[in-house]
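What follows is a single structure, written as structure tokens, with notes after it.
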Amino acid sequence: MSKLVMQAKGLVKRYGQVTALDGVDFELRAGEILAVIGDNGAGKSSLIKALSGATVPDGGEILLDGKRVQFRNPMDARREGIECCYQDLAVAPAMTIAENLFLGRELRRPGFAGTVLRQLDKKKMLETAIERMADLKVGIRSMTQAVETLSGGQRQCVAVARAAAFARHVVILDEPTAALGVKEGNMVLELIRRVRDKGLPVILISHNMPHVFEIADRIHVARLGKRAAVLNPKKISMSDTVAVMTGALDPAKLPAECLA
Amino acid sequence: MSKLVMQAKGLVKRYGQVTALDGVDFELRAGEILAVIGDNGAGKSSLIKALSGATVPDGGEILLDGKRVQFRNPMDARREGIECCYQDLAVAPAMTIAENLFLGRELRRPGFAGTVLRQLDKKKMLETAIERMADLKVGIRSMTQAVETLSGGQRQCVAVARAAAFARHVVILDEPTAALGVKEGNMVLELIRRVRDKGLPVILISHNMPHVFEIADRIHVARLGKRAAVLNPKKISMSDTVAVMTGALDPAKLPAECLA
Amino acid sequence: MSLKEKLPPLSQLGPFIALAVACVVFGVTTDNFFTAANFALILQQVMVVGVIAIGQTLIILTAGIDLSCGMVMALGSIIMTKFAADFGLPPSLAILCGIAVTTLFGLVNGLLVTRIKLPPFIVTLGTFNIAFAITQLYSSAQTVTNVPESMLWLGNTFSVGESQIAYGVVLMVALYLAAWYWLRDTASGRHVYAVGNNPEATRLVGIPTDRVLLSVYVLAGLFYGIASLLTVARTGVGDPNGGQTENLDAITAVVLGGTSLFGGRGVILGTLAGAIVVGVLRNGLTLMGVSSVYQVLITGILVILAVAVDQLSRKGAR
Amino acid sequence: MSLKEKLPPLSQLGPFIALAVACVVFGVTTDNFFTAANFALILQQVMVVGVIAIGQTLIILTAGIDLSCGMVMALGSIIMTKFAADFGLPPSLAILCGIAVTTLFGLVNGLLVTRIKLPPFIVTLGTFNIAFAITQLYSSAQTVTNVPESMLWLGNTFSVGESQIAYGVVLMVALYLAAWYWLRDTASGRHVYAVGNNPEATRLVGIPTDRVLLSVYVLAGLFYGIASLLTVARTGVGDPNGGQTENLDAITAVVLGGTSLFGGRGVILGTLAGAIVVGVLRNGLTLMGVSSVYQVLITGILVILAVAVDQLSRKGAR
Amino acid sequence: AGEPVIGLITKTETNPFFVKMKEGAQAEAKKLGAKLMTASGKKDGDTAAQITAIENMVTAGAKTILITSSGDAIIPAVKKAQAKGVQVIALDSPFEGADALFATDNYKAGVLIGQYAKAALGNKPAKIAMLDLFPGHPVGAQRHNGFMTGFGLKANDAKSNELSSTPETVCAADTDGNQAKGQTAMENCLQKDPNINVVYTINEPAAAGAYNALKKAGKEKGVIIVSVDGGCAGVADVGKGVIAATSQQYPLKMAAMGVAAGVEYAKGGKKASGYVDTGVTLIAGKAVPGVDSKDVKTGTDLCWGTK
Ligand SMILES: Nc1ncnc2c1ncn2[C@@H]1O[C@H](COP(=O)(O)OP(=O)(O)OP(=O)(O)O)[C@@H](O)[C@H]1O
Ligand SMILES: Nc1ncnc2c1ncn2[C@@H]1O[C@H](COP(=O)(O)OP(=O)(O)OP(=O)(O)O)[C@@H](O)[C@H]1O
Ligand SMILES: [Mg+2]
Ligand SMILES: [Mg+2]
């Protein structure tokens, strides 16, 4: 079994009277695609927000490569090479697509202009942006148009492309294909595979079961703020998975080979 | 063939240099569920925004029950009994779920308090909200919590429930199941069927082909700001549909029975 | 619904906490602060700004701002006193004329904001100047005296125990309660919040956002007109020098009261608390015998502290 | 990229249109307006507010607001003149001390906004009062004269043709260009827009939003310090009564210049145009011999018109 | 085109003192066939606006500028104007380098009402409320400190801009020279010490506000209110017993003299010079022994300086 890249034990997160995470455990192995599924409100987004430093959990611990880490903000996680594409699309609507792609990871021009005048290399960023978006086969006319003028799916592609482009350690994607068309959705799956093939593990939250079964190595089922089970998509059927997810089927009753 | 409830001819909508709608035609028949599919940026949202008064098209005409109408704003459409759930979720995040459900359609208390003091019937609205959300099987603890504290899918349910609850003529849903889990997604399909069974026609934009094929009576395929074809889901395969959508297959080459 | 859910969320208690803290400090350090008479007095002193701040709150809830409020109020007071004193109009009619003018200014502000989509800051900066100039020109910069007694009725007081409550204070409180009811319990009031919170969503839902905005500006003008009457009743004259600092004072009351300048969030009763906080500071510091430069200094520090206490207490509660 | 795409979008041309219209009107109605000397004069008149407005623009771009700017500037000018005139500090050192104090005020504003999350309106209202009180106390409300000649250098002029350009004006323009470059062409400058546009998204992307905000407030303080030096150079004294109206003037310049009070949208060169519009109005109206009350009236109308022209032209272009 | 252009720059637009000054200048200019331009600051102390106005008026061709200075920050602009041959006359508020000063002595105005209040109070122990303008204003300080000196209390001299205080001055508050704020200030002072028996006010609107507060508290009898300005409304208030005494000043006279000097300069090229005191007169409802004062009738005839 390959080594654990990321691990969480007994994470707790409360919002006022709502307990979003109720002692959830989590394991991500090297080089795998881990799908996280669950009903609406099961605590999937809350989980990955804790893993990426977007919120600070109230309890529990997170280990990265076996070492305990404490992320106080997204910057801490980013420094460790963890990139995340959030469900409520963290984009700056008034800024251009290229700017959004490189937000916080801007390229500077080489030589004097870059090191002393700290001038941005807008041309290079533009070219790279065009390339990255072409990877996803999104037909966007101009990379210098503001994100607020994009269609819902186009906007999502921007956020996904950003996370995939800059990760050095872990990629986290929260429902990246939700607003995407058939073609664009397949492109994102393709992109995820490419990232995995580079050796980076990917956490993929999705409600799209065909997608999950097409691509995931293991499936983490979130339920009522806890982890209900970790399933092996090669051994379990889609309908059983949904049954576990909705609570209709007790995972303890599953044959051991279905678990992963 | 049942009568046309809504019809659009040659709608054009330009945003600066981008032509979102390039002379699109559209037909909605009485009592049907019409799916609208297409790539990201194909102009689906732009189309329904024009139909619901959210934007004013630059050209073309819209007919409702055969009579020409001009919607200058969403109010005009609402007055005709058209309700729409937009893709970028038109909710007021700081307001509660119940308030969002009844926004613009508030209930007043009976008697003096309601007619003279114009007092809202908060209790009744709360009860109705709980009922409506229970229909969708969304586990939300309190209807008096602010919408900004909800998970992505829960928020979507609020918007969908609102559109379904108040329509008297046409219901338009722009990717209502995008953020929903398997169970909640099925509940929304169930809701759509119930609406249709009440006799109201439904326009459903979705990227989820299984959902579309499960529920749609006809499929409007949007492509590059135009209508590529109208397909009959009972006669055409999912893969052919996707091929038409992405432009890989010329709809003129399809057998006539596949068209609707 | 449990008791806890019925209480207002802590975020709305902030201004009241600040108020309580200020009262305790002044109560301990001075002899005369903690008397019913003194509180009645403070209420009289804040009644004009208090009523202006109702209008200002409505506008800020829609994510706007009104710089013209004080000058419009001053213009209204000149109109009503001059019409009564110089032209001998019956007081009630003169008052109506004054209120009509302030409401007209509200209408103009509202039309410019909704029809031409100008930023409220610029619109009301412009009408501030216009109202100021008209006030000076029309009054020849002269205080209007000889105001008929019956126009001053709201400045009269009645006794409750040993303290003298002005009728104007009762009116102010009544207006706050009415505004509170409107904002909280009626559809049109809730729409004010919705417009401020997410104007696009509110429009898409089919609410006539422009009409909501316009009505808020008109209503604010109406409140400024009532404030005109109150300032006349309080000072007994029509003062063309009035109204120059009330915009900042009113906005301060609103923000101290916990309403967000970005719109959509806030409770109008907080504004009342905010206005009273400012009055309490001025009164308490004078009672302590703090000289005027130091009063400015301390007010600066206390205003920051008042909101900081609020913020920190909320953090602690999380 | 076509030429059309290279031009700034029309939304950013608004203030320049207003400026051009105003110039034409005044040029036709008066004799002395359209002279190089007069334009040089107007630039000199706006240079202090112009530099303050740079800092104000930065803060407004982050969806903040700074009411303290003018008073902080006044405090800085008192510090630098008193240190030089009374303690005989060398002018350069005295200037540094003054700028250090204004920067410190920026730091305090920034810390209160970022650490305790107080609303910028309240924070800077507080520091406005504090800076005012310190200015009065430290200067004993006396104008500081005997300012060494070398501190006034920026007020000197050099001839270009028949017009006299002040060195301070050159400095102002240079600062605008530097700020423009920074905001447009560097990562930290773009982050200012991002923070104002969507603070949560900016934070999630891993940008230290608090540090961006803090640096903006500190930088603004620095600009106010430079404005201190400019006002000293322009007036030749340290004036404890200065700085009371500059906050509104600066915010007006920013908003006239097309920057949104909600943050994240705007171009700093528009602010320069906005500041000049105000200067041109004042100058042109005086040249026309309009008496002062009517000047206020007309300014009110013209400010609204300036933005309305902008808005309507944009609508037309759609 | 041949008529001389004269500029008048006041501190603000609102104070009746300056409004009257403008009227006086307007009338005189009409009489003498001159063109008058006017400008003012937005607030008292707004020197930036005054400097700008000086420059703009010079550009517009004014040969004489009359200015009630908001502060010494205007001096360099004045010097530049003078270098271009413009005559600059200070009205009301002195500053260094003006060609001439037509003004009144605010410190003396304070001393007069101080002496009056002391004499009127007699041997009773003084409890004084000081209703000032706002911090840092020279006129405010001169009147305040002058009053205290006249009252026989220890106070700063005429040059100081700091407000003195002694145990007798039991309360001090700012009014902005505005009636509503004067009333608020007095109400608060009465809370602090209900036995106040002398009220100094910066100007007559503030005095009217103070009287209102006293009347509401039922204390208007036996409290001596003194003020400065001697405007027509203020003198009328003296007549009604609202104000015990006021130091009368003459803005119309200052303005008329200034305009005349401007016309003179334009015609003959002779600049005015020196200091002309336009005088202060104590107007009192009831004369008290040992203090020279004029009655209300005289005050009404002279109010604002009508000739
Ligand atoms: N900021 C918040 N304040 C209060 N409650 C919150 C907040 N964020 C999330 N919650 C609550 O926590 C629970 C879990 O939310 P979370 O967003 O993690 O769900 P999810 O599994 O991502 O659901 P979805 O599939 O709908 O996105 C929900 O009940 C939600 O209402
Ligand atoms: N406000 C706007 N300004 C400029 N361009 C716009 C605007 N709204 C939409 N567009 C453009 O119009 C085109 C069609 O957009 P639309 O939102 O209708 O697509 P869609 O079919 O709904 O896509 P999706 O499936 O991604 O939601 C896109 O290319 C988009 O960039
Ligand atoms: Mg989620
Ligand atoms: Mg869409």
Side-chain angles (χ1 to χ4, degrees), chain D residues 30-33 35 37-38 41-42 44-46 48-49 70 73-74 77 132-133 135-137 139-145 147 152 155 157 164 231-246 248-249 278-279 282-296, chain E residues 1 5 7-14 18-19 22 25-26 35-62 69-80 95-96 134-138 140-141 156 159-163:
Chain D
T30 70
D31 300 335
N32 308 318
F33 181 81
T35 60
N38 194 39
L41 186 65
I42 294 175
Q44 236 168 300
Q45 291 172 350
V46 301
V48 175
V49 169
M73 184 268 301
S77 70
F132 175 75
T135 304
Q136 295 300 329
L137 289 171
S139 69
S140 315
Q142 297 284 5
T143 306
V144 184
T145 47
V147 178
L152 310 181
T157 55
Q164 299 285 316
T231 195
V232 170
R234 182 161 153 72
T235 61
V237 298
D239 183 3
N241 285 321
Q244 305 204 42
T245 56
E246 272 77 356
L248 207 57
D249 292 350
V278 174
R282 195 168 39 198
N283 176 275
L285 290 174
T286 307
L287 292 191
M288 282 174 72
V290 175
S291 89
S292 47
V293 194
Y294 286 99
Q295 280 198 23
V296 177
Chain E
V5 179
L8 171 65
I9 303 170
T10 52
K11 290 186 195 184
T12 67
E13 205 62 66
T14 55
F18 300 124
V19 175
K22 232 162 63 184
Q26 206 82 53
K35 183 180 167 208
L36 186 78
M37 342 181 70
T38 56
S40 81
K42 273 190 217 146
K43 261 190 174 178
D44 214 329
D46 188 359
T47 47
Q50 293 198 321
I51 293 167
T52 301
I54 293 172
E55 292 168 343
N56 288 343
M57 285 177 175
V58 172
T59 305
S69 158
S70 275
D72 287 347
I74 64 162
I75 293 174
V78 168
K79 290 214 177 98
K80 272 187 220 150
F95 59 89
E96 227 180 82
F134 55 78
H137 197 275
N156 293 337
K159 294 246 164 5
S160 173
N161 280 352
E162 277 175 295
L163 307 175

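Owing to the predicted nature of the structure, the values given are computational and were not obtained by experimental measurement. Numbered from 1 within each chain, the chains take letters A, B, ... in sequence-line order. No hydrogens, no waters, no symmetry mates; every other heavy atom, side chains included, goes into these values.
- Heavy atoms closer than 4.5 Å to chain E are found nowhere in D:Asp31, neither backbone nor side chain.
- For the pair E:Thr59/D:Leu287, a side-chain contact is recorded, criterion being any heavy-atom separation below 4.5 Å from C-beta on.
- A salt bridge does not link E:Lys42 with D:Glu246: none of the charged nitrogens is closer than 4.0 Å to a carboxylate oxygen.
- No other option in E:Asp72, E:Ile9, E:Thr52, E:Val5 has as many heavy-atom pairs under 4.5 Å with chain D as E:Thr52.
- Contact of E:Thr10 with chain D is not made at all, since no heavy-atom distance falls under 4.5 Å.
- With rounding to the nearest 0.5 Å, the separation of OG1 in D:Thr143 from CZ in E:Phe95 is 12.5 Å.
- Interface residue D:Gln295: only side-chain heavy atoms are found under 4.5 Å from chain E.
- Highest contact tally toward chain D, considering only E:Gly71, E:Pro135, E:Ala39, E:Ser40, is held by E:Pro135 [criterion: heavy-atom pairs under 4.5 Å].
- Within the 3.5 Å criterion, the main-chain N or O of E:Lys159 finds a donor-acceptor partner in the side chain of D:Gln142.
- A donor-acceptor contact closer than 3.5 angstrom links the side chains of D:Ser292 and E:Lys22.
- For the atom pair CD1 of E:Ile51 and OG1 of D:Thr235, the computed distance is 5.5 Å after rounding to the nearest 0.5 Å.
- The two atoms that bring E:Pro138 and D:Asn241 nearest to each other are CD-ND2, 4.4 Å, heavy atoms only.
- At a 4.5 Å heavy-atom cutoff, the contact between D:Val290 and chain E is made by backbone atoms alone.
- If you measure heavy-atom distances from E:Ala73 to chain D, the contacts under 4.5 Å come from both the backbone and the side chain.
- The part of E:Glu13 that comes within reach of chain D is its side chain, from C-beta onward, which places non-hydrogen atoms under 4.5 angstrom from that chain.
- Distance check, rounded to the nearest 0.5 Å: NZ of E:Lys43 to OG1 of D:Thr245 gives 7.5 Å.
- Contacts with chain E were tallied for D:Ala141, D:Ser139, D:Gly155, D:Gly279; D:Ala141 has the most, counting heavy-atom pairs under 4.5 Å.
- Shown here for E:Glu162 and D:Ser140, the closest heavy-atom pair between the two residues is OE1-CB, 3.5 Å.
- The contact between D:Gln136 and chain E is made entirely by side chain atoms (from C-beta outward), counting heavy-atom distances below 4.5 Å.
- Side-chain atoms of E:Asn56 and D:Gln45 form a donor-acceptor pair, as typed in the model, at a separation below 3.5 Å.
- Here E:Asp46 contributes atom CG and D:Asp249 contributes atom CG; the two are 7.5 Å apart, rounded to the nearest 0.5 Å.
- Of all the listed residues (E:Ile75, E:Asp44, E:Thr38, E:Ile74), the one sharing the greatest number of non-hydrogen pairs under 4.5 Å with chain D is E:Thr38.
- Inspection of the E:Thr47 and D:Asp239 side chains reveals an N or O donor paired with an N or O acceptor under 3.5 Å.
- Atoms CE and CG, on E:Met37 and D:Leu285 in that order, are 10.5 Å from each other to the nearest 0.5 Å.
- For D:Phe33, no part lies near chain E; criterion is any non-hydrogen pair under 4.5 Å.
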